[in-house]
Amino acid sequence: MTTYTAAPPPTPDWDPSSSSDEESPPSSSLTFDKERHVAFLEMMYHMLPCHYQSQEINHLTLAYFVISGLDILGSLDRVDKDAVAAWVLSLQSNPGDKAELNSGQFYGFCGSRSSQFSSDNDGILIQNHSHLASTYCALSILKTVGYNLSNIDSKLISMSIRNLQQPDGSFLPIHIGAETDLRFIYCAAAICFMLEDWSGMDREKTKEYIFKCQSYDGGFGMIPGSESHGGGTYCAVASLCLMGFIEDDVLSKSAASSIIDIPLLLEWCLQRQAADGGFQGRANKPSDTCYAFWVGAVLRILGGSKLIDGTALRGFLLTCQSEYGGFSKFPNELPDLYHSYYGYTALSLLEEPGLNALSVELGITGFAALGI
């Protein structure tokens, strides 16, 4: 789908303190320049800068940022949807024989070609490094390009995802073992939701694990007992919503849900908007483009979006907009795909003209979520 080039990379590792004035990126306009962003993503679709080579294992995730980003910008016609779907499908793992179905492995999607290994004489891959995050990205891309998920072996994914759930309700991201935290609970919940099959998840156990992650200040840490974090809070709240344990716009309901401390969560989220208008991911941290989505999306789910200063947030985001297209993590840095995507999602939440609306819980457009 993409190749790598040695062109100067738009990378988040650029350090303004070590660069001369001549190397500083040009200041961005306080007007959202949609066409520049479309051109930025189109370039990334065809040719990733060389510094992304270190992220080859996450190629599918990078593709998700590009494809879903173009959909948010209303420019999905810039890609070959059939080619995208075929490439994504080629990354799905399958068992070599029926005996492997009971091997404890997860049969989802691999993140890249390098995470697939040689095939046997029948063309079946003999190693399996499929990953929950890659599977979430794969299904999101397929829905975005209009591929009918009933055409994939969804039962295989649903049956094998249970191999990743731990006794405490959390999920490993891959069957060979790794850390467990709210990120992978979210991926598992989103996968089950998109496949319309919850047979691979014990939702009650998962709910209890999520409850244990809510901190004394109202936010959610990535694991029980850890510091509240914007990304972890989104994963917790969106997962509970996808699993049907909390309703959208809970603040407007006559009887607010009591399964989590909603008033304390709301207060924590609102405290994350800083003086510069942006959102921080944790207390006493600088504003960062991506948290405009992670925290902003939680407020949208709760029904508290109108309580933030949207004008100030938009102003902060546009200071992170690059003249080349895309968004950076902080103002006056070069853009990268991750922060670009969450810049677009944040502006969509702010109802920026010309952008498609989001399915906030799934992290893709409403059109993609509905299969339109």
Side-chain angles (χ1 to χ4, degrees), residues 12 61 65 133 136 179 181-187 189-190 209-242 246 248 250-251 260-310 312-317 319-320 327-331 333 336-350 358-364:
T61 302
F65 293 147
Y136 160 74
E179 72 271 31
D181 60 49
L182 286 176
R183 294 173 299 172
F184 307 120
I185 282 180
Y186 170 75
C187 290
Y209 182 88
I210 293 173
F211 289 170
K212 293 175 183 176
C213 293
Q214 188 167 27
S215 182
Y216 70 92
D217 58 6
F220 287 79
M222 285 294 186
I223 59 175
S226 62
E227 180 184 9
S228 295
H229 183 277
T233 300
Y234 170 81
C235 290
V237 174
S239 296
L240 290 171
C241 192
L242 291 169
I246 61 173
D248 278 333
V250 67
L251 295 178
I260 57 175
D261 192 330
I262 296 293
L264 198 59
L265 170 60
L266 178 64
E267 181 180 0
W268 184 86
C269 289
L270 293 174
Q271 287 176 347
R272 300 284 69 76
Q273 187 164 26
D276 60 8
F279 274 86
Q280 55 186 195
R282 292 177 286 161
N284 302 313
K285 294 291 185 178
S287 297
D288 177 333
T289 294
C290 69
Y291 293 110
F293 172 76
W294 297 126
V295 181
V298 173
L299 287 167
R300 173 63 67 86
I301 293 171
L302 298 179
S305 294
K306 294 182 179 179
L307 300 176
I308 68 171
D309 187 337
L313 177 56
R314 183 179 184 274
F316 171 79
L317 290 170
T319 65
C320 298
F327 286 87
S328 56
K329 178 176 183 175
F330 301 129
E333 295 192 1
D336 65 89
L337 269 177
Y338 173 84
H339 290 94
S340 295
Y341 184 69
Y342 290 110
Y344 306 141
T345 56
L347 285 171
S348 175
L349 290 177
L350 291 172
L358 288 177
S359 168
V360 181
E361 297 89 349
L362 285 179
I364 54 179

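Both backbone and side-chain heavy atoms feed into the values below; hydrogens, waters and symmetry mates do not. Along the sequence shown, the residues carry numbers beginning at 1.
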Contact summary for [X] and [Y], nearest pair of heavy atoms:
{"X": "Cys269", "Y": "Val298", "answer": "SG-CG1, 3.7 Å"}
{"X": "Gln214", "Y": "Leu265", "answer": "NE2-CB, 4.0 Å"}
{"X": "Asp336", "Y": "Ser328", "answer": "OD2-CA, 4.4 Å"}
{"X": "Tyr341", "Y": "Gly363", "answer": "OH-O, 2.6 Å"}
{"X": "Ala238", "Y": "Ile301", "answer": "CA-CD1, 4.1 Å"}
{"X": "Ala283", "Y": "Gln280", "answer": "CA-OE1, 3.8 Å"}

Measure the spacing between [atom1] of [X] and [atom2] of [Y] and express it to the nearest 0.5 Å.
{"X": "Phe65", "Y": "Leu337", "atom1": "CZ", "atom2": "CG", "answer": "7.5 Å"}
{"X": "Leu313", "Y": "Tyr291", "atom1": "CG", "atom2": "OH", "answer": "15.0 Å"}
{"X": "Thr233", "Y": "Leu182", "atom1": "OG1", "atom2": "CG", "answer": "8.5 Å"}
{"X": "Leu317", "Y": "His339", "atom1": "CG", "atom2": "NE2", "answer": "11.5 Å"}
{"X": "Cys320", "Y": "Asp288", "atom1": "SG", "atom2": "CG", "answer": "8.0 Å"}
{"X": "Thr289", "Y": "Leu347", "atom1": "OG1", "atom2": "CG", "answer": "9.5 Å"}

[X] vs [Y] side-chain heavy atoms within contact, under 4.5 Å:
{"X": "Cys241", "Y": "Asp248", "answer": "yes"}
{"X": "Leu240", "Y": "Leu242", "answer": "no"}
{"X": "Phe184", "Y": "Cys235", "answer": "no"}
{"X": "Leu266", "Y": "Leu299", "answer": "yes"}
{"X": "Leu264", "Y": "Asp217", "answer": "no"}

Using a 3.5 Å distance criterion without hydrogens, assess whether the side chain of [X] forms a donor-acceptor pair with backbone atoms of [Y].
{"X": "Gln273", "Y": "Asp309", "answer": "yes"}
{"X": "Ser215", "Y": "Glu227", "answer": "no"}
{"X": "Arg300", "Y": "Leu349", "answer": "yes"}

task = Could you tell me whether Tyr344 and Phe327 have their ring centroids closer than 6.0 angstrom?
result = yes
query = Would you say the ring centroid of Tyr186 lies under 6.0 angstrom from that of Tyr234?
reply = yes
message = Run the salt bridge (charged side-chain N to carboxylate O under 4.0 Å, His left out) test against Glu267 and tell me which residues pass, sequence neighbours left out.
response = none
request  = Return the orientation label for the Tyr342 and Trp294 ring planes: parallel under 30°, perpendicular over 60°, tilted otherwise.
outcome  = tilted
